[in-house]
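First the structure, in the form of structure tokens, and then the observations on it.
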Amino acid sequence: EFYARMRHDGTTKRVRLHASDKEKAAEEALRLSEKLSVEGWGVVTSGQARLPASPSIKEFCDAYAKAAQSMENPPRPITVALYLRHLRQICSLAGVNHLRELTPTSIERGRDKYRAMGRAAKREDASIQNSSGIILRNAAACFSAEARAILARQGLALDNPFTGIKRSQKIEPVAALDRKIIEQIWQDLPLLRDGDPEAEAPNIKQFKKTYRKKHEGNQPRWLPIDYRLPHPEAYCAILLGLGLGLRANEIDKSRWSWVKFDAKGDAFLEIGNEDDFKPKGGSLRVIRIPKELHDELTKSRRDMVSPYI
């Protein structure tokens with residue numbers, strides 16, 4: 001870290017700078033000196049509460065979570081949590097504890113370790129590539145231009161360490177489901193909505209034990225689903241996917257305000273721009289909702305406050 005000794009109104013103070021190299025430190029010291037002569041010590045002392053030049057990964061994650069709230073179109077809290085979880089994951093794999101250690105080389109080292117772990121677990125290379133691409137893409141989202149601009153105003157000027165890192169996925173062709181499978185899904189779907197009394201209770205203890213054994217002692221991020229319980233949110237997701245043909249992101253962001261009615265009372269879903277969603281191709285999409293499907297969605301609604309279906 002860099003410091004500058006400054007004097008104003010007969011008082012001398014040692015001021016911590018927030019630059020990452022000597023040249024930038026000199027530029028910051030000059031700017032502070034100019035502001036000091038005009039605005040007094042307040043401009044300097046207030047800056048000491050800002051982020052250090054090389055925060056820990058935890059400090060950076062906390063700072064990004066706050067910065068996200070100041071964005072013009074802030075991501076949803078669940079999305080922020082996902083970005084940060086994947087950033088911490090790649091840092092853990094790469095052995096990175098401080099932001100200054102997060103470089104393209106260390107990121108590739110983390111990817112190499114993830115690939116080796118996947119192959120040791122006998123996963124297919126396409127699956128490893130897809131999941132690592134998702135992890136890297138989400139982690140890189142923490143270093144968007146808007147996020148870096150907000151953090152720079154807090155004294156942390158940084159480049160995007162993920163620049164140049166390949167984050168491609170290997171998408172395999174998908175064949176349409178056999179009609180018999182689709183009919184079976186529709187037949188069993190009410191059990192997902194209401195709960196299946198004949199379903200087995202999940203063995204959570206055994207699941208945790210097996211997961212820790214396969215993942216170097218790490219705790220699982222989720223637990224097995226108890227299908228004895230109702231899952232109306234999953235039920236609605238399948239209705240939107242199979243019944244209306246919505247894409248995964250459309251299902252995740254679909255909201256009740258998208259449901260419109262014409263003069264005859266027929267329901268339609270208008271998929272348009274939102275703060276946390278942009279439709280594919282940037283154009284409005286309108287889909288007719290069959291009456292039976294609309295009735296099911298309405299009956300399955302539990303949270304009357306949430307805007308999301």
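What you see is a predicted model, and the numbers here were worked out from it, not measured in a lab. Computation of the quantities below employed the complete heavy-atom set of this structure, encompassing side-chain atoms and omitting hydrogens, waters and symmetry-equivalent molecules.
- Classification of the F277-W258 ring pair by plane angle, with boundaries at 30° and 60°, yields tilted.
- Partners of T103 by side-chain contact (heavy atoms from CB on, under 4.5 Å), not counting sequence neighbours, listed by chain and number: T105, S106.
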Name each donor-acceptor pair under 3.5 Å that joins a side chain in residues 187-196 to protein atoms two or more places apart or in another chain, with its distance.
from, atom 1, to, atom 2, distance (Å)
D188, OD1, Q184, NE2, 3.2
D188, OD2, Q184, NE2, 2.9
R193, NH1, Y235, OH, 3.4
R193, NH1, E296, OE1, 2.9
D196, OD1, E198, N, 3.0

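- Residue pairs meeting the salt bridge (Lys or Arg N to Asp or Glu O under 4.0 Å) criterion with at least one partner in residues 109-118, sequence neighbours excluded, are E108-R111, D112-R115.
- Going from atom CZ of F60 over to atom CG of L158 covers 6.0 Å, rounded to the nearest 0.5 Å.
- Remark: Y308 engages no residue in a ring-ring contact (aromatic ring centres under 6.0 Å, His included) (not counting sequence neighbours).
- When atom types are taken as modelled, the side chain of Q129 and the backbone of D125 share no donor-acceptor pair closer than 3.5 angstrom.
- D62 meets the side chain to side chain donor-acceptor pair (under 3.5 Å) test with K58; sequence neighbours excluded.
- For the pair P202/L223, no side-chain contact is recorded, criterion being any heavy-atom separation below 4.5 Å from C-beta on.
- Partners of L229 under the side-chain contact (heavy atoms from CB on, under 4.5 Å) rule, at least two apart in sequence or in another chain, are D226, H231.
- Here E27 pairs with nothing under the salt bridge (Lys or Arg N to Asp or Glu O under 4.0 Å) rule; sequence neighbours left out.
- Residues passing the ring-ring contact (aromatic ring centres under 6.0 Å, His included) test with F268: none are found, sequence neighbours excluded.
- By the neighbour-count criterion of 12 heavy atoms within 6.0 Å, atom CG of L284 is densely surrounded, having more than that number from other residues, nucleotides or ligands.
- In terms of the side-chain contact (heavy atoms from CB on, under 4.5 Å) criterion, residue partners of R247 (sequence neighbours excluded) are, by chain and number, E250, K280, R285.
- Between L246 and I287 the shortest heavy-atom distance is CD1-CD1, 3.8 Å.
- Judged by distance alone, with hydrogens and angles left aside, the side-chain atoms of T298 form a donor-acceptor pair with the main-chain N or O of H294 at under 3.5 Å.
- The backbone N or O of S300 lies less than 3.5 Å from a partner atom in the side chain of R302, making a donor-acceptor pair.
- Within a 6.0 Å radius of CZ in R221, other residues, nucleotides and ligands contribute more than 12 heavy atoms.
- Judged by distance alone, with hydrogens and angles left aside, the side-chain atoms of R301 form a donor-acceptor pair with the main-chain N or O of D303 at under 3.5 Å.
- Heavy-atom neighbours of E124 CD from other residues, nucleotides or ligands within 6.0 Å: at or below the threshold of 12.
- K260 contributes a side-chain N or O that, together with a main-chain N or O of S257, makes up a donor-acceptor pair within less than 3.5 Å.
- Side-chain contact check for T79 versus D276: every heavy-atom pair is 4.5 Å or farther apart.
- Among pairs with a residue in residues 68-95, none fulfils ring-ring contact (aromatic ring centres under 6.0 Å, His included), at least two apart in sequence or across chains.
- Side chain of N130 to main chain of A126: a donor-acceptor pair is present (N/O by atom type, distance under 3.5 Å, no hydrogens or angles).
- For residues 178-206, there are no ring-ring contact (aromatic ring centres under 6.0 Å, His included) pairs, not counting sequence neighbours.
- Counting only distance, with no hydrogens or angles, the side chain of S33 and the backbone of A29 share no donor-acceptor pair below 3.5 Å.
- No donor-acceptor pair closer than 3.5 Å links the side chain of E274 to the backbone N or O of K253.
- Using a 4.0 Å cut-off between a side-chain N of Lys or Arg and a carboxylate O of Asp or Glu, D159 and R148 do not qualify as a salt bridge.
- Contact of the S144 side chain with the N160 side chain is not registered, since no non-hydrogen atoms from C-beta on lie closer than 4.5 Å.
- Two residues are said to be in side-chain contact when any heavy atoms from C-beta on lie closer than 4.5 Å; L269 and V259 meet this criterion.
- The side-chain heavy atoms of I165 and P104, taken from C-beta on, include a pair separated by under 4.5 Å.
- Listed by chain and residue number, K208, K209, Q219 satisfy the side-chain contact (heavy atoms from CB on, under 4.5 Å) test with R212 (two or more places apart in sequence, or in another chain).
- The local environment of CD in Q206 is crowded, with over 12 non-hydrogen atoms from other residues, nucleotides or ligands closer than 6.0 Å.
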